[in-house]
Amino acid sequence: MNVLYFIVQQMMYFAIPLLIVALGGMFSERSGIINIALEGIMVMGGFSGVLLIHNLEGQMSGQGLFLLGILVAGLAGGVFSLLHAYASINLGADQTISGTALNLFAPAFAIFTTRAIQRVQQIHFTNTFFIEKVPLLGDIPVLGALFFQKTYLSTYLGLLIFLIASFVIKHTRFGLRLRACGEHPQAADSVGVNVYRIRYAGVFISGVFAGIGGLIFVIPNSVYYNPTVNGYGFLALAVLIFGNWRSWGIFWAALFFSIMKTFASVYSGVPFLRNLPIPQDIYNMIPYIATLAVLAIAAKHSQAPRAEGIPFEKGSR
């Protein structure tokens, strides 16, 4: 059972950022804007959040500082994503090229700024956010050890974000308008929906989620930030596609990919896997092989928003 607890706990460290970032991509792409800039936005969010934590850890610590870092990371990601929104919506730029530009700019900016501030590109911080056991809930048999011990506040925040995002996209007026703008923006425009505003909102929400995901990815895995998220933004895009741009599909896809990532990262802690005559490089390749295989299968059944990637001009038909 201890091995099972270990695997599930590690899996949540990978699943939650994937889930949050992929949900952000859902809001952007269901509004009609392709957002492959999730990688760069994660970098900016992680950079902003960790930099704040680094500068305030002498005055604050624990969950209050973590929540403040998450707030700043989300805000930074949202503001940074507006560059993509402006290029895609107002200028009618190719959305893939615009997203690629942000992916290239973000790590360069983070490295330059960090070196300008402290002459090295790694930002160190003290991890005071680990929760050994949630009071009362951690004592529940089996479930307590699985989900309420050796965890982070971000796990519960991620699940809350999922529930809210799922409700908003399906059961609110804003969600209906967002989906309409991604399927048939001309029809939405004809009934008075401001397509530009809705698409801006979708991209901004995706930026906020990706920024939060960037910080949540960094905190459990290291005590310093070297401006990169190891391709997690692109993996989140795979989760988005495999999940068919639907919230519950994204949830299960995030769990699947996090399981693959967990076995690749912690196989040495599982006696059965450690004793297999398989080189470490093979384990490291598992998540990416799974990504290619799943995308090849999912591509035949994917139902992307019909107007995704198509610039909208008011009054056009």
Side-chain angles (χ1 to χ4, degrees), residues 17 20-52 68-113 161 164-165 168-169 172 174-175 177-182 185 188-189 193-217 227 229 232-234 236-237 240 245 305 307-314:
I20 294 175
V21 178
L23 287 171
M26 177 187 69
F27 274 91
S28 179
E29 302 206 1
R30 301 270 329 240
S31 76
I33 303 298
I34 297 173
N35 193 354
I36 68 166
L38 296 176
E39 178 88 359
I41 298 172
M42 286 185 72
V43 169
M44 290 298 288
F47 164 71
S48 303
V50 170
L51 185 62
L52 177 86
L68 184 59
I70 288 173
L71 178 63
V72 169
L75 182 61
V79 171
F80 186 60
S81 70
L82 292 179
L83 296 173
H84 180 54
Y86 180 74
S88 302
I89 299 170
N90 294 86
L91 302 181
D94 185 291
Q95 295 167 18
T96 301
I97 294 176
S98 173
T100 301
L102 265 63
N103 285 335
L104 294 173
F105 173 81
F109 174 82
I111 291 172
F112 174 82
T113 304
I161 288 175
I164 293 174
V168 168
I169 201 76
T172 66
F174 170 75
R177 292 179 174 181
L178 185 87
R179 289 182 279 124
C181 291
D189 178 60
V193 175
N194 189 324
V195 176
Y196 297 122
R197 185 180 299 172
I198 293 295
R199 287 189 167 183
Y200 258 100
V203 175
F204 182 77
I205 291 171
S206 77
V208 171
F209 283 14
I212 292 173
L215 180 63
I216 289 176
F217 169 77
V229 289
Y232 239 61
F234 298 112
L237 283 173
L240 175 64
W245 292 268
E308 183 184 34
I310 303 174
F312 169 76
E313 294 183 9
K314 188 174 178 61

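For this chain, numbers begin at 1 and follow the sequence in order.
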Item to check | For the student: nearest non-hydrogen atoms of Phe312 and Pro185, plus distance | outcome: CD1-CB, 3.7 Å

Checklist outcome for this item: In terms of heavy-atom contacts, Ser206 and Asn35 come closest through OG-ND2, 2.9 Å

Item to check | Check: Asn90/Tyr200 side-chain N/O donor and acceptor closer than 3.5 Å | outcome: yes

Checklist entry - So, for Ala73 and Gly45, which heavy atoms are closest and what is the spacing to 0.1 Å? => result CB-O, 3.2 Å

Checklist entry - Looking only at atom types and distance, does a side-chain atom of Ser28 sit under 3.5 Å from a main-chain N or O of Gly25, one as donor and one as acceptor? => result no

Checklist outcome for this item: Between Val195 and Ala188 the two heavy atoms that sit nearest each other are CG2-CB, 4.4 Å

Checklist entry - Once you round to the nearest 0.5 Å, how far does CD1 of Ile212 lie from CG of Leu23? => result 11.0 Å

Checklist entry - Just how far is it from atom CD1 of Ile41 to atom CG of Leu83, taken to the nearest 0.5 Å? => result 9.0 Å

Checklist entry - Once the angle between the rings of Phe80 and Phe105 is folded into 0 to 90°, is it parallel (under 30°), tilted (30 to 60°) or perpendicular (over 60°)? => result parallel

Item to check | Donor-acceptor under 3.5 Å (Arg199 side chain, Ala85 main chain) | outcome: no

Item to check | Stepwise side chain to side chain contact (heavy atoms under 4.5 Å, CB included) test for Phe217 and Val21 | outcome: CA-CA 10 Å; Phe217 169 77; Val21 178; over 6 Å; no

Item to check | Check: Phe174 and Ile205 side chains under 4.5 Å, non-hydrogen atoms | outcome: yes

Checklist entry - How long is the span from the CD1 atom in Ile33 to the OG atom in Ser98, to the nearest 0.5 Å? => result 9.0 Å

Item to check | Heavy-atom side-chain contact between Val50 and Leu215 under 4.5 Å | outcome: yes

Next on the checklist: In the structure I gave you, are the side-chain heavy atoms of Leu237 and Glu29 within less than 4.5 Å of one another anywhere?
Outcome noted: yes

Item to check | Atom pair CD1/CG of Ile198 and Asp189 - distance to nearest 0.5 Å | outcome: 12.0 Å

Checklist entry - What's the shortest heavy-atom distance between Ala22 and Ala236, and which atoms? => result CB-O, 3.6 Å

Checklist entry - Is the OH atom of Tyr86 crowded by more than 12 outside heavy atoms at less than 6.0 Å? => result no

Checklist entry - Can you list the steps and then say if Leu51 with Ser48 is a side chain to side chain contact (heavy atoms under 4.5 Å, CB included)? => result CA-CA 5 Å; Leu51 185 62; Ser48 303; 5.9 Å; no

Checklist entry - Can you find a heavy atom in the side chain of Met44 that is under 4.5 Å from one in the side chain of Phe109? => result yes

Checklist entry - So which heavy atom on Glu39 is nearest to which on Tyr232, and how close? => result OE1-N, 3.3 Å

Checklist entry - CD1 of Ile36 to OG1 of Thr96: how many Å apart, nearest 0.5 Å? => result 5.0 Å

Checklist outcome for this item: Rounded to the nearest 0.5 angstrom, the CD1-CD1 distance for Ile310 and Ile34 is 9.0 Å

